[in-house]
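Note sheet for the following structure.
Counting starts at 1 for both ligands and their atoms, following the listed order. Given the structure is predicted, the values throughout are model-derived calculations rather than measurements. Just so you know, residue 1 is the first one in the sequence shown, and it goes up from there.
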Amino acid sequence: MKIPINLKAGEVDKEEKREVIIGIDLGTTNSLVAYADGDEVIVIRDESGSNALVPSILHFGADGVVVGDTARKKLISAPERTIYSVKRLMGKSYADLESLKSSVGYNVIDQDTEALVKIEIDGKYYTPIELSAEILKELKKRVEKHLKTEVSKAVITVPAYFNDAQRQATRDAGKLAGLEVLRIVNEPTAASLAYGIGLSKEEEKTIVVYDLGGGTFDISILQIQNGIFEVLATHGDTYLGGDDFDKVIIDYWLSQIELSSEDLNNDKSLGQEFRTKAEEAKKTLSNSENYTSAIGAYALQLDRKTFAHISEALINKTLHACKLAMKDAGLSKKDINQVVLVGGSTRMPLVKSAVSEYFDQKADDSLDPDEVVAIGAAIQADILAGNRKDLLLIDITPLSMGIETVGGLMDVIISRNSKVPTRAGRQYTTSVDGQKNLKIAVFQGERDLVQHNRKLGEFILKDIPPMPAGIPKIEIKFILDADGILTVKASELRSNVETQMEIRSAYGISEEDMARMLIDSLQNAESDMKTKALLESINEANNILLATDRFLEQNKSALKEDQVSQIIELKEELLASTKGDSKDKIEAAMQAMNTYTEPLAHEALDRNIGKALKDSKV
Ligand code: AMP
């Protein structure tokens with residue numbers, strides 16, 4: 001079903017108008033935006049007309065946030081206010097990111113190992129969603145300037161291995177940037193669309209997408225059948241890319257002159273000069289046999305043969321991932337119909353030849369490897385806009401479906417535009433000790449608070465055996481069949497208690513109602529996101545307050561009086577902050593509590609371990 005909506009007027013359009021839906025490649029290092037104009041895809045470039053890449057970097061300066069090349073220039077002079085690699089933080093908790101925290105110049109907040117990460121700048125706390133939204137706003141601005149009209153709908157690409165939380169975070173970022181995200185598309189799927197693979201219903205193919213970017217490497221194997229793209233396997237390395245090739249060049253040069261990597265660490269601008277020259281050498285060798293240059297008195301030289309030698313280990317790492325992916329997919333090289341190259345680093349001739357040799361066929365590099373994903377996203381957008389009538393559109397659910405969670409938030413389980421039939425599930429737990437019953441309320445709609453969405457029904461999971469809060473594993477499964485009938489199943493996995501209910505999701509909701517719900521979600525996106533962020537902080541703060549109470553109770557005898565009174569004071573401050581409406585105040589209070597209690601928690605842990613050891617000796 002397609003509902004034409006006039007976003008400005010907030011009404012359903014009587015006549016269907018041709019509209020532009022943009023395709024966005026939201027990358028770790030660079031982002032791009034494109035749109036389809038008839039059979040042609042236009043990639044938006046900068047004023048010079050040559051560069052389509054917008055560095056995915058943000059700088060927080062005196063005049064607000066800037067994105068792109070201007071921000072990149074601040075990486076060295078203002079590292080703590082310049083944010084890069086936000087994509088690596090999307091949908092991640094601090095526990096997922098232990099290693100990243102030490103390698104970046106900005107402040108990643110460690111609040112609660114389970115909670116999603118935040119970044120602190122000048123006492124303000126930003127989620128990766130808010131930061132990604134800034135990049136998306138910049139892309140939106142560029143395309144609007146080019147088209148001289150507003151755009152409001154987009155397709156955004158994500159790596160095939162992104163999980164539900166990361167996809168949802170990307171969707172939310174789009175919403176916050178004022179874009180209705182019609183679909184989240186896998187990057188390798190977009191790449192194959194750009195190469196025209198999968199554009200006809202009859203086509204059946206198995207392809208490999210080899211994507212080596214600036215900082216990440218992904219290999220995906222896709223099977224395309226009846227217009228459906230199935231990811232058979234993915235592998236890769238989230239910390240392997242063009243930057244590593246630059247590093248081996250620097251190491252090679254350092255081995256020849258009287259400088260060490262320590263010297264470069266100590267002299268940041270010298271280090272940057274070396275990085276720039278190394279990248280220049282690498283790019284030069286993609287077209288010529290030799291590179292010579294100098295930094296001050298240091299002569300720099302590199303030829304193709306030496307480069308091939310020093311980067312062999314990196315290339316082999318990528319081929320090893322190819323091998324694992326092929327094994328996971330249960331395929332052999334003869335099953336692969338096409339190999340497609342994506343990412344700026346596949347411009348290196350040695351990458352092209354290694355991949356071609358590995359798969360026994362010439363890897364396809366006819367499109368610009370930086371632009372393929374954005375081009376594919378634009379083609380997918382054009383299909384969704386209904387401009388390619390010959391193409392089949394797989395049946396999709398018009399509105400998201402999910403359940404109510406703490407604080408009245410909507411937790412989407414099946415997203416809008418998912419193919420049907422489909423099934424999806426998620427695990428939850430209880431928030432109260434000994435909780436026996438759990439109410440599951442099912443909603444449909446795009447707003448972040450359930451009160452604004454449409455209730456489909458509710459039921460109660462009964463007779464959960466008494467357990468402490470957080471221990472039960474409650475799995476909620478949504479099964480949506482081809483007729484739009486939703487079955488919701490809830491089970492407590494530890495005790496096998498189970499219950500289910502059937503809901504007819506499309507029943508009783510008119511097209512106008514559906515359109516109104518979509519319009520509401522767009523018009524209220526910003527305030528919804530703010531409310532959602534505030535409610536999430538309050539939930540998090542309440543969890544910390546509960547944990548603190550438990551900690552005080554369990555460690556009463558070991559804590560000093562002044563420590564107890566300090567904790568109580570911090571607790572009161574935190575509690576007070578949850579009564580207000582400032583997310584930043586709550587975040588700051590949580591941070592204060594955390595900073596104070598963390599060493600005490602470590603001491604308590606040591607004490608308990610010591611005690612356990614002593615007990616075991618008796
Ligand atoms: P991406 O993230 O896909 O934009 O990839 C950017 C990476 O591609 C960077 O590491 C660049 O140094 C690298 N790159 C761009 N052009 C070339 C080239 N001509 N030869 C080798 N590497 C390149």
Based purely on interatomic distance, does [X] place a nitrogen or oxygen under 3.5 Å from a nitrogen or oxygen of ligand 1?
{"X": "Gly214", "answer": "yes"}
{"X": "Asp246", "answer": "no"}
{"X": "Gly344", "answer": "yes"}

- Message: Centre-to-centre under 6.0 Å for His235 and Phe217, is that the case here?
- Response: no
- Assess the pair Phe359 and Tyr210: is the distance between their ring centroids shorter than 6.0 Å?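 No, too far apart.
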- Query: Which pair of non-hydrogen atoms, one from Asp244 and one from Leu240, has the smallest distance, and what is that distance?
  - Reply: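 Result for this residue pair: OD2-CA, 3.2 Å.
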- Specify whether Tyr126 and Phe60 have parallel, tilted or perpendicular ring planes, treating 30° as the upper limit for parallel and 60° as the lower limit for perpendicular. tilted
Output the list of atoms in ligand 1 that are nearer than 4.0 Å to some heavy atom of [X], sorted by atom number.
{"X": "Gly343", "result": "3 (O)"}
{"X": "Asn30", "result": "4 (O)"}
{"X": "Ser345", "result": "7 (C), 8 (O), 10 (O), 13 (C)"}
{"X": "Met348", "result": "21 (C)"}

- With a 4.5 Å heavy-atom cut-off, do Glu144 and Thr149 have their side chains touching?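 Contact flag for Glu144/Thr149 side chains = no.
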- Message: Quick check: do Ile119 and Ile83 have side-chain heavy atoms less than 4.5 Å from each other?
- Response: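 Sidechains of Ile83 and Ile119: in contact.
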- Ile24 and side chain to side chain contact (heavy atoms under 4.5 Å, CB included): which partner among Val185, Leu32, Leu179, Val181?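 That would be Leu179; it is the only one of Val185, Leu32, Leu179, Val181 passing the side chain to side chain contact (heavy atoms under 4.5 Å, CB included) with Ile24.
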- Item | Pick from Glu371, Arg347, Lys282, Glu280: the one approaching atom 22 (N) of ligand 1 most closely through a non-hydrogen atom | Lys282
- Task: If you have a sec, work out which protein heavy atom is nearest atom 2 (O) of ligand 1 and how many Å separate them, to one decimal?
- Result: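 The closest one turns out to be Thr29 OG1, 2.9 Å.
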- What residue and atom, counting heavy atoms only, is the protein's closest point to atom 11 (C) of ligand 1, and at what distance? Glu279 OE2, 3.3 Å
- Note on the structure: CG of Leu341 to CG of Asp365, rounded to nearest 0.5 Å, is 6.0 Å
- Message: Nearest 0.5 Å, please: how far is CD1 in Ile44 from CZ in Arg142?
- Response: 9.5 Å
- Message: One residue to check: Lys283. Relative to ligand 1, which of side chain, backbone, both or neither has a non-hydrogen atom less than 4.0 Å away?
- Response: both
- Query: Where does Ser286 meet ligand 1, judged by heavy-atom distances below 4.0 Å: at the side chain, the backbone, both, or neither?
  - Reply: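 It is the side chain that gets close, since no backbone atom is under 4.0 Å.
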- What do you reckon, does Gly241 put a non-hydrogen atom under 4.0 Å from ligand 1?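 It does not, in that no heavy atom of Gly241 comes within the 4.0 Å cut-off of ligand 1.
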